**Q** 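My questions will all concern the structure given below.
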2 protein chains.
Amino acid sequence: MVEKRADARRNQATLLEVAAAAFVESGVNVPVRDIAARAGVGVGTIYRHFPTRADLIVAVYHHQIEACAAAGPALLAGSATPHAALAEWIGLFVDFLVTKHGLAGAFHSDDAAFQKLHSYFLDRLLPVCADLLAAAAAAGEIRPDVGALELMRGVGNLCIGDGDDSRYDARRMVGFLIAGLRT
Amino acid sequence: MVEKRADARRNQATLLEVAAAAFVESGVNVPVRDIAARAGVGVGTIYRHFPTRADLIVAVYHHQIEACAAAGPALLAGSATPHAALAEWIGLFVDFLVTKHGLAGAFHSDDAAFQKLHSYFLDRLLPVCADLLAAAAAAGEIRPDVGALELMRGVGNLCIGDGDDSRYDARRMVGFLIAGLRT
DNA sequence: CAACATACGGAACCGTGTTCCGTTTACCAA
DNA sequence: TTGGTAAACGGAACACGGTTCCGTATGTTG
């Protein structure tokens, strides 16, 4: 057995599309039952393809996360200074997070189910961030003791709630944070 | 009717004590049923005294929040510069948040039940923060366009998850953010 | 001490994530 | 074409946490 049944493959594809649409309309915390109903399947079908909510979220945003990871080295190679590359890359990350209502919150949830989401983000993006930080530190543009993990968590945290209140702008706050890294 | 029944007053006091202890041990997200069990009362009794979780949390931390609010003017009067006062006051706020496991998360929850918690924090602390910011801005120490609400939300967000992971230190990140406010 | 308003306890309800299992169906071989 | 079978499905059921409701118990007052 190597090939999945045709209906299974079709359902998985449908679920990814429907989930993506539901996330856009109702945020990543949309109830699993709603997604199932919209896709015309039972909740069991969702859980067979995606063992937890986190797996579904990871699957939906897989391409965008990979694109973000890939953008790091490209920016480093193409920007005027490492610090500019870092700022641009963080900007991409922030854009990604704030356009997914509730994702930043889920990212930092202490719920065990979201551990996988957390791990995936970190696995893919932490090395990229670390390289950018190292380059900027080597160029003497930022203090040398800034860790990639703390920066990513801080940035992710600052994105929580963006969009809920027009008086709060995560991009602005992240900008201040990055500015505060300078030597 | 002006006086509450003696048992009611006693229960309310017990609940405050037990809830405070439970928050310390298990975080502010400890189930209501657990608090009820520890206090030896039914859940109905909790809800009669505190209509929602948020009311209970507000009641438990009322004194500390008031103390934090009162510290603002005192620091402003006693510090070398307005910026130093701002930094010290933010430090107090951060200390308060990070020592209450899960409180920072609840503070920014989009759950309607926590709206009251959010409002109370903002009602009491926003004016204090605004005064400190205005003083620092007037002294030319920080950029003049920083809002109290965005700063408090940013700081609150940075405190989320502190303690869950020894590699993340909210105080450090907040320090960077405040540093990034400088002109 | 009686009578009544107040307060109590905890079962029940609701919403949400997740599991389980009887039923249906795609696929392949005869 | 047609069985047979493993894979996949649907949705009821369960776990859990916040909140509500109401019959019962009790402090208080006259």
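These numbers were taken from a predicted model, which means no experiment stands behind them. Chain A is the first sequence line, chain B the second, and so forth, proteins listed ahead of strands; every chain is numbered from 1.
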**Q** How long is the line joining CD1 of Ile46(B) and P of dG17(D), in whole Å?
**A**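 Atom-to-atom, Ile46(B) to dG17(D), this comes out as 14 Å.
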**Q** Given atom CG of Asp7(B) and atom C1' of dA5(C), what is their separation to the nearest angstrom?
**A**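 Between C1' of dA5(C) and CG of Asp7(B): 12 Å.
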**Q** Using a 6.0 Å cut-off, check whether atom CZ of Arg9(A) has over 12 heavy atoms from anything other than its own residue.
**A**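 Yes, the 6.0 Å shell around CZ holds more than 12 heavy atoms from other groups.
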**Q** Side-chain contact, heavy-atom cut-off 4.5 Å: Tyr120(A) with Tyr61(A)?
**A**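 When only atoms from C-beta onward are counted, Tyr61(A) and Tyr120(A) do not touch, as no gap falls below 4.5 Å.
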**Q** Can you give one letter per nucleotide of nucleotides 9-19 of chain C, going 5' to 3': B for a protein heavy atom under 4.0 Å from the base, S for sugar-phosphate only, - for none?
**A** BBBB---BBBB
**Q** Atom CZ of Arg10(B) and atom C1' of dT28(D): how far apart are they, to the nearest Å?
**A**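 Arg10(B) atom CZ is separated from dT28(D) atom C1' by 13 Å.
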**Q** Tell me yes or no: between the side chains of Asp55(B) and Thr52(B), is some donor less than 3.5 Å from an acceptor?
**A**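 Yes, Thr52(B) and Asp55(B) have a side-chain donor paired with an acceptor closer than 3.5 Å.
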**Q** To the nearest Å, how far apart are Ile35(B) CD1 and dG17(D) P?
**A**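 One finds 12 Å between P of dG17(D) and CD1 of Ile35(B), rounded.
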**Q** Determine: side-chain N/O of His49(A) to OP1/OP2 of dC9(D), distance under 4.0 Å, yes or no.
**A**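 It does, given that an N or O in the side chain of His49(A) lies less than 4.0 Å from OP1 or OP2 of dC9(D).
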**Q** Given the rule in the ring-ring contact (aromatic ring centres under 6.0 Å, His included) test, do Phe107(A) and Phe114(A) qualify, once you have shown the distances and angles that lead to the verdict?
**A** CA-CA 7 Å; Phe107(A) 178 42; Phe114(A) 288 100; over 10 Å; no
**Q** So, Thr183(B) versus Glu141(B): side-chain donor-acceptor pair below 3.5 Å or not?
**A**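 Side-chain D/A pair, Thr183(B) to Glu141(B): absent.
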**Q** Before accepting this row, confirm whether a basic side-chain N of the pair Arg172(B)/Glu150(A) lies closer than 4.0 Å to the acidic partner's carboxylate O.
**A**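 A salt bridge is present here (some side-chain N lies under 4.0 Å from a carboxylate O).
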